[in-house]
Protein chains: 2
Amino acid sequence: MARKTNIDPDRGDARTRLLDAARDIVRSQGFAATSVDQLCKAAGVTKGAFFHHFANKEALGVAAAQYWSETTGALFATAPYHDHADPLDRVLAYVDFRRDIIAGDLEAFTCLVGTMTQEVYHAHPAIREACAASIFGHAATLEPDIEAAMKARGIKGDWTAASLAAHTQAVLQGAFILAKAADDPAVAIDGVDHLKRYITLLFQASPMGGQHD
Amino acid sequence: MARKTNIDPDRGDARTRLLDAARDIVRSQGFAATSVDQLCKAAGVTKGAFFHHFANKEALGVAAAQYWSETTGALFATAPYHDHADPLDRVLAYVDFRRDIIAGDLEAFTCLVGTMTQEVYHAHPAIREACAASIFGHAATLEPDIEAAMKARGIKGDWTAASLAAHTQAVLQGAFILAKAADDPAVAIDGVDHLKRYITLLFQASPMGGQHD
DNA sequence: CAAAACATACCAACCAGTCGGTATGTTAAA
DNA sequence: TTTAACATACCGACTGGTTGGTATGTTTTG
């Protein structure tokens, strides 16, 4: 199992290398604009290997989303923002952590599953579902801390921990889009700063605060 | 000028119909996955007409972004949210207006230029620039009201009117992505509600409020 | 040796873009 | 006012290259 390629050994097995290539190329070009040949070339693998591991291009998209979930999941699980005593501090430290990641090329810090969802949500429901699982699964890891922070401060706004957790991801995704449009990572950092300010204000407000309408 | 097509008359000239088709199809399939033939078929136009009006597919993308700017610009310019005496009310009414638009199919209310940017920012800088002009141009229409609201309430946070205006667009774009992932417009509405809450809190806070770090 | 993991060769469909031609004005000189 | 010259708008067959996918052969591993 996990045999190495003739073309380009010493870089792991074909499947992993194809998924790595997909992560990088799809992030900068999108899913539809990325051809199977291009992926094979980048991974140093032939088409035979590609269709041995993936039934079709859509299946690679699904696998890439899952691979993204696993790798980023591991990154966030071991990140230092969990090491705060206060739950609100953990949430704010998460936002800071996301802020610190934003640097260098856009392809390096933007979100694969956000990019793919936007593009293929209609044509490839299977990929859409895998992306949704990745996004909302990651958001769910924030929920306990948000919930605990609400309880600790007696916050009872017209919003839920799940909704705020999802919103953090929405702000990040939107910040990435604007950064791509402006071709400037600083725009993304601006968005994260607004997010941190929002969370801070939410938990500064009176226990019943943050309501409107 | 503006001659009608043989294939499908009584629907305006070929150029406009191609741009209408691009708006609808690209929103649901993305730019790369949309073929010229598909656009021609949907517009009731032949390839000859397509390449008469657009030098290449990229040029259509640029024109589609500009067309989007013009049509949505007219929509927002005549929208009723401008009819409030207080500038902050105008800003909040804008957010309400954006909220009300979210209904029905995702392809009907999501943003063409946000979708395109995400996909082609690297491969087609010309389209990226046209999308950026659309997004930040629209954001700029909010700036005077935000600025006036800040002045009226003596708000001096560590953020600018331009940055908050941009952030409104980031939240909307991100909300659209999550709605696509979840295949549920309600997710987008949640995001807009958080945005309104944020703006409300920003202007409720003490004059020097909303600072952190 | 059996089966998984690759490589090679190939195909039909589709792709963006081209090109020669037609239909319908518009302009302006005779 | 006729008409020649020119411009714009559009048509549709065609092309060279690319696409996702397949069929089959070879190599490695357990």
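All chains are named by letter (A, B, ...) in the order of the sequence lines, taking the proteins before the strands, and each is independently numbered beginning at 1.
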(request) Could you tell me which residues satisfy ring pair (Phe, Tyr, Trp, His ring centres under 6.0 Å) with A/Phe109, sequence neighbours excluded, listed by chain and number? (result) A/Phe176

Donor-acceptor pairs under 3.5 Å, side chain of residues 31-48 of chain A to any protein atom, not counting sequence neighbours: which ones?
unit_1: A/Thr34; atom_1: OG1; unit_2: A/Gly30; atom_2: O; d: 2.6
unit_1: A/Ser35; atom_1: OG; unit_2: A/Gln38; atom_2: N; d: 3.1
unit_1: A/Gln38; atom_1: NE2; unit_2: A/Gln29; atom_2: OE1; d: 3.2

(request) Grab the CD-C1' distance between B/Gln29 and C/dC14 for me, whole Å please. (result) 14 Å

(message) Holding to salt bridge (Lys or Arg N to Asp or Glu O under 4.0 Å), I want the full list of residues that pass it with A/Arg128, two or more places apart in sequence or in another chain.
(response) B/Asp183

(message) Just to be sure I understand the geometry, which residues of residues 32-50 of chain A put a non-hydrogen atom under 4.0 Å away from DNA chain C?
(response) A/Val45, A/Thr46, A/Lys47, A/Gly48, A/Ala49

(request) Can you tell me the distance, in whole Å, between the CZ atom of B/Phe51 and the P atom of C/dC15? (result) 12 Å

(message) What is the separation between atom CZ on A/Phe54 and atom C1' on D/dT22, rounded to the nearest whole Å?
(response) 18 Å

(request) Using the test ring pair (Phe, Tyr, Trp, His ring centres under 6.0 Å), find all partners of A/Phe136 that sit at least two apart in sequence or belong to another chain. (result) none

(message) When you measure from the side-chain N and O atoms of A/His52 to the phosphate of C/dA5, is any distance below 4.0 Å, counting only OP1 and OP2?
(response) yes

(message) If I take atom NE2 in residue A/His124 and atom P in nucleotide D/dG20, what distance separates them, rounded to the nearest angstrom?
(response) 10 Å

(message) Which residues in residues 55-63 of chain A have a heavy atom closer than 4.0 Å to any atom of DNA chain D?
(response) A/Asn56, A/Lys57

(request) Give a yes or no on whether the backbone of B/Cys111 and the side-chain of B/Arg27 come within a donor-acceptor separation of less than 3.5 Å. (result) no

(message) Applying salt bridge (Lys or Arg N to Asp or Glu O under 4.0 Å), can you list everything that pairs with A/Arg23, at least two apart in sequence or on another chain?
(response) A/Asp20

(request) Go through the structure and list residues passing side chain to side chain donor-acceptor pair (under 3.5 Å) with B/Thr110, not counting sequence neighbours. (result) none

(request) List in chain and number order the residues that pass salt bridge (Lys or Arg N to Asp or Glu O under 4.0 Å) with A/Asp86, two or more places apart in sequence or in another chain; answer none if no residue qualifies. (result) A/Arg153

